[in-house]
Amino acid sequence: MNSTIFKPTTPPPSHPSSLFPQITACKTIRDLHQVHALFIKTRQIHDPLAAAEILRFYALSAHRNIEWARAVFNHMQRPNCFSWNTIIRALAESSVDEHPLEALLLFSQMVSYGFVGPNRFTFPSVLKACAKMGNLGVGKCVHGMVVKFGLDTDEFVVSNLVRMYVMCKVMEDAHLLFSRSVVVCGHLNERKQEGNVVLWNVIVDGYVRVGDVRAARVLFDKMPQRSVVSWNVMISGYAQNGFFREAIDLFRDMQIENVYPNYVTLVSVLPAISRLGALELGKWIHLYAGKNRIEIDDVLGSALVDMYSKCGSIEKALLVFEKLPKRNVITWNAIISGLAMHGRVEDALDYFKKMEPAGVVPSDVTYIGILSACSHAGLVEQGRSFFNRMVNVISLEPRIEHYGCMVDLLGRAGLLEEAEELILNMPIQPDDVTWKALLGACKKQGNIDMGKRVAEVLMDLAPHDSGSYVALSNMYASLGNWEAVAKVRLQMKDMDIRKDPGGSSIELDGVIHEFVVEDESHPRAREIHSMLEEISNQLSLEGHRPDTTQVLLNMDEEEKQSVLHYHSEKIATAFGLISTAPQTPLRIVKNLRICEDCHSSLKLISKIYERMIIVRDRKRFHHFEQGLCSCMDYW
DNA sequence: TTAGGGTTAG
């Protein structure tokens with residue numbers, strides 16, 4: 001990507017001129033207290049304009065203090081419309097739960113006193129308060145007043161009305177009002193709502209919020225104008241609804257259209273980059289933030305830490321973490337989960353220990369990271385102790401994820417009965433993921449009896465999920481019970497359940513190349529195939545014998561070997577080997593868990609070709625180097 | 001005086 005096209009962000013606008021330069025000059029709340037005291041002493045505070053200006057600083061400046069604003073407002077004899085609007089807006093925008101309701105109460109006082117009427121600056125705040133409370137009844141009532149005051153064509157009011165319907169989860173009403181505003185206002189030839197970017201942003205955001213990204217995209221494409229916010233809404237909408245590739249594609253389109261990404265764009269697109277493991281693009285984002293003086297605060301920092309660790313570069317994640325001027329609980333969670341995912345258990349526990357002395361209280365998510373770290377390393381006692389501490393000392397209610405970690409930890413360490421006991425006695429309903437952890441453990445421990453039982457539960461719980469059928473079939477296959485295998489496969493066929501296709505991807509010069517099993521679609525398929533042949537020969541020379549027990553089908557040994565030979569992670573590795581300079585580490589992302597055979601093959605490949613190969617599977621990272629894997633074969 | 005964000009068991 002060409003990074004030279006980006007300009008630095010524009011500097012903030014200078015302060016507007018003011019009737020009260022003493023107030024405008026205030027830099028802190030202390031400065032304002034002094035001016036305020038002076039105004040009281042000189043009785044200047046009785047000048048409605050002076051009082052309104054003081055109120056505005058307390059209510060809406062960067063150093064806002066609502067209690068002081070309220071005090072000033074309450075002392076006003078007869079606040080003007082400007083002052084009513086100021087205090088209502090401050091309360092409506094506040095993050096304190098009770099404040100939006102107080103905003104509505106003040107609004108009703110304003111209306112019932114009748115000295116000043118609400119205007120086009122009052123309603124956006126009032127509607128914002130309704131939206132925050134999700135109170136449709138009050139919202140509709142306010143809508144009625146908007147119409148009564150003839151403000152239903154004002155662009156600020158209309159976009160807030162639509163937003164209120166969106167936040168009250170009535171998309172039909174939101175859309176109806178949106179389309180009526182676009183048509184009516186265009187027809188009246190007023191300032192056209194068609195061109196009201198905010199109104200369009202609000203409706204696109206509405207569809208994103210209800211998860212209908214398709215509808216959101218249709219509207220996005222129809223927008224008469226787009227601002228950077230429009231792009232941000234759509235990109236984060238894609239990312240948050242699991243459309244990671246679309247999020248990244250749109251991020252690229254945005255640059256083609258010369259719209260400059262801002263802070264929110266970066267925070268929105270990073271999770272998509274993390275999920276796809278697109279390290280080069282992630283690095284580019286990091287660089288872009290630096291070049292354009294976009295502040296890397298705790299929020300953007302957390303997203304970067306997560307991106308580097310999910311893209312296989314845990315060292316870089318640690319560097320970013322250490323350099324951050326401010327870290328919050330999410331930043332800590334990101335680095336702890338990252339270390340856990342990379343099997344760096346000691347480090348994960350170390351960071352956990354450093355958290356509280358740094359003044360950050362661990363959350364339930366922190367414990368998910370810590371428990372998963374213990375489970376990756378088979379630290380049963382430590383895991384049990386963390387779980388007990390969390391419940392009994394910290395008094396955090398365990399969530400299904402914590403139970404999932406514990407089942408995985410106990411089960412894979414061989415304590416299958418204890419794991420099953422935990423599932424049966426947990427106070428919340430176990431879900432398919434919980435049972436899958438136990439099923440995986442049964443498979444690892446070779447306990448077919450329990451495995452069959454668990455697979456049956458799973459088929460009941462998630463009848464269309466191929467995972468349990470495949471696991472059951474694999475278990476029968478490992479016993480050579482082909483009759484049972486055939487039965488399971490027939491059942492799958494009857495229910496039209498297909499095995500999730502295994503896929504692997506590798507990023508090369510910012511482009512993600514994806515491969516599925518036996519993939520021949522890549523433009524360099526021929527070269528990849530001959531590389532695969534060469535790898536296969538080298539592996540045989542090293543004494544590698546393909547492990548065919550995981551191949552589900554009843555085919556002869558030679559055919560099974562051929563399927564293994566063309567597993568997607570091997571194809572991606574072959575492609576990486578022929579496309580990069582010697583010694584370049586290969587980073588591969590796989591959608592399922594890596595199989596036994598690929599795991600042992602990749603260990604050898606790392607030795608034969610002297611490459612570090614970093615594979616992210618569905619659950620964790622494997623760093624293959626010099627014939628060994630960082631998971632120490634416990635996965 | 002409108003819109004937008006980061007971490008989470010298999």
Side-chain angles (χ1 to χ4, degrees), chain A residues 56 59-60 82 85-86 88-90 92-93 119-125 127-128 154-163 166 196-206 208 227-237 239-240 262-271 274 297-307 309-310 328-338 340-341 363-372 375-376 398-409 411-412 430-441 458 467 471 592-593 617-620:
Chain A
R56 205 174 122 73
L60 300 172
F82 185 90
N85 291 346
T86 305
I88 290 174
R89 180 176 161 212
E93 286 178 359
N119 63 9
R120 65 194 189 90
F121 297 121
T122 323
F123 283 105
S125 302
L127 288 163
K128 212 178 221 181
D154 179 273
E155 62 174 321
F156 291 95
V157 177
V158 169
S159 48
N160 275 290
L161 266 174
V162 175
R163 181 158 175 78
V166 162
N196 178 356
V197 188
V198 177
L199 177 62
W200 284 83
N201 289 347
V202 169
I203 197 74
V204 171
D205 172 63
V208 160
S227 66
V228 63
V229 178
S230 324
W231 292 89
N232 292 350
V233 167
M234 201 60 233
I235 290 171
S236 71
Q240 282 168 10
N262 65 9
Y263 171 85
V264 178
T265 324
L266 306 193
V267 177
S268 307
V269 77
L270 276 168
S274 302
D297 62 357
D298 48 346
V299 175
L300 181 54
S302 305
L304 283 171
V305 167
D306 183 57
M307 180 278 293
S309 77
K310 289 217 175 87
N328 62 25
V329 65
I330 295 182
T331 329
W332 285 90
N333 292 347
I335 195 70
I336 290 172
S337 309
M341 221 189 298
S363 69
D364 49 355
V365 177
T366 319
Y367 279 91
I368 295 174
I370 282 299
L371 292 176
S372 92
S375 120
H376 288 320
R399 289 170 30 190
I400 197 143
E401 289 91 339
H402 298 105
Y403 286 107
C405 287
M406 289 307 289
V407 169
D408 185 57
L409 169 67
R412 283 193 307 117
D431 63 1
D432 55 329
V433 182
T434 327
W435 284 106
K436 266 188 218 168
L438 186 59
L439 183 64
L458 265 166
L592 306 174
R593 294 233 66 189
D617 77 5
R618 204 185 169 122
K619 200 173 135 189
R620 61 165 295 158

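The basis for the numbers below is simple: all heavy atoms, side chains too, and nothing from hydrogens, waters or symmetry mates. Chain naming here is simple, since letters A, B, ... match the order of the sequence lines and numbering starts at 1 in each.
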B:dA9, OP1 or OP2 - any side-chain N/O from A:Lys436 closer than 4.0 Å?
no
Distance-only, no hydrogens or angles: does the A:Asp408 side chain make a donor-acceptor pair with backbone N or O of A:Gly404 under 3.5 Å?
no
Look at all strands and tell whether A:Asn328 reaches a base, only sugar-phosphate, or nothing, counting heavy atoms closer than 4.0 Å.
base
Can you tell me how far C1' of B:dT1 sits from CD of A:Glu155, to the nearest Å?
12 Å
Could you tell me the separation between the CG atom of A:Asn201 and the P atom of B:dG5, rounded to a whole number of Å?
12 Å
Starting from P on B:dT8, measure out to CD1 on A:Ile330 and report it in whole angstrom.
10 Å
Whether the side chain of A:Asn232 and the base of B:dG5 hold a donor-acceptor pair under 3.5 Å is what I'd like checked.
no
Whole-Å distance separating the OH atom of A:Tyr403 from the P atom of B:dG10
17 Å
Look at all strands and tell whether A:Asn85 reaches a base, only sugar-phosphate, or nothing, counting heavy atoms closer than 4.0 Å.
nothing
Could you state the interatomic distance from OG (A:Ser309) to CD1 (A:Ile335), rounded to the nearest 0.5 Å?
6.5 Å
Check every atom of B:dG5, B:dG10, B:dG4 against the side chain of A:Tyr263 and return the nucleotide holding the closest atom.
B:dG5
Taking OP1 and OP2 of B:dG4, is either one under 4.0 Å from a side-chain nitrogen or oxygen of A:Gln240?
no
Ignoring hydrogens and geometry beyond distance, is the side chain of A:Arg120 in donor-acceptor contact with the base of B:dT1 at under 3.5 Å?
no
A:Asn333 side-chain N/O to A:Ile336 backbone N/O, donor-acceptor pair under 3.5 Å:
no
Donor-acceptor pair under 3.5 Å, A:Asn262 side chain vs B:dG4 base
yes
Could you tell me the separation between the CG atom of A:Leu371 and the P atom of B:dA9, rounded to a whole number of Å?
11 Å
A:Asp306 has its side chain closest, among B:dT8, B:dA9, B:dT1, to B:dT8
Gap between atoms CG and C1', on A:Leu300 and B:dT7 respectively (whole Å):
14 Å
Please confirm whether the backbone N or O of A:Asp364 pairs with a side-chain atom of A:His402, one donor and one acceptor, at under 3.5 Å?
yes
Checking B:dA9, B:dG5, B:dA3 against the side chain of A:Lys128 (C-beta onward), the nearest is B:dA3
Grab the CD1-C1' distance between A:Ile400 and B:dA9 for me, whole Å please.
9 Å
Keeping A:Arg593 on the side-chain end and A:Lys619 on the backbone end, is there a donor-acceptor pair under 3.5 Å?
no
In this structure, how many angstroms lie between the P atom of B:dG6 and the NZ atom of A:Lys310, rounded?
11 Å
Need one value for A:Asp298: base, sugar-phosphate or nothing, where a base atom within 4.0 Å counts as base even if backbone is also close, heavy atoms only.
base
Is any side-chain nitrogen or oxygen of A:Arg163 closer than 4.0 Å to OP1 or OP2 of B:dG4?
yes
Within the structure shown, what part of the strands sits under 4.0 Å from A:Asp617 by heavy-atom distance: base, sugar-phosphate, or nothing?
nothing
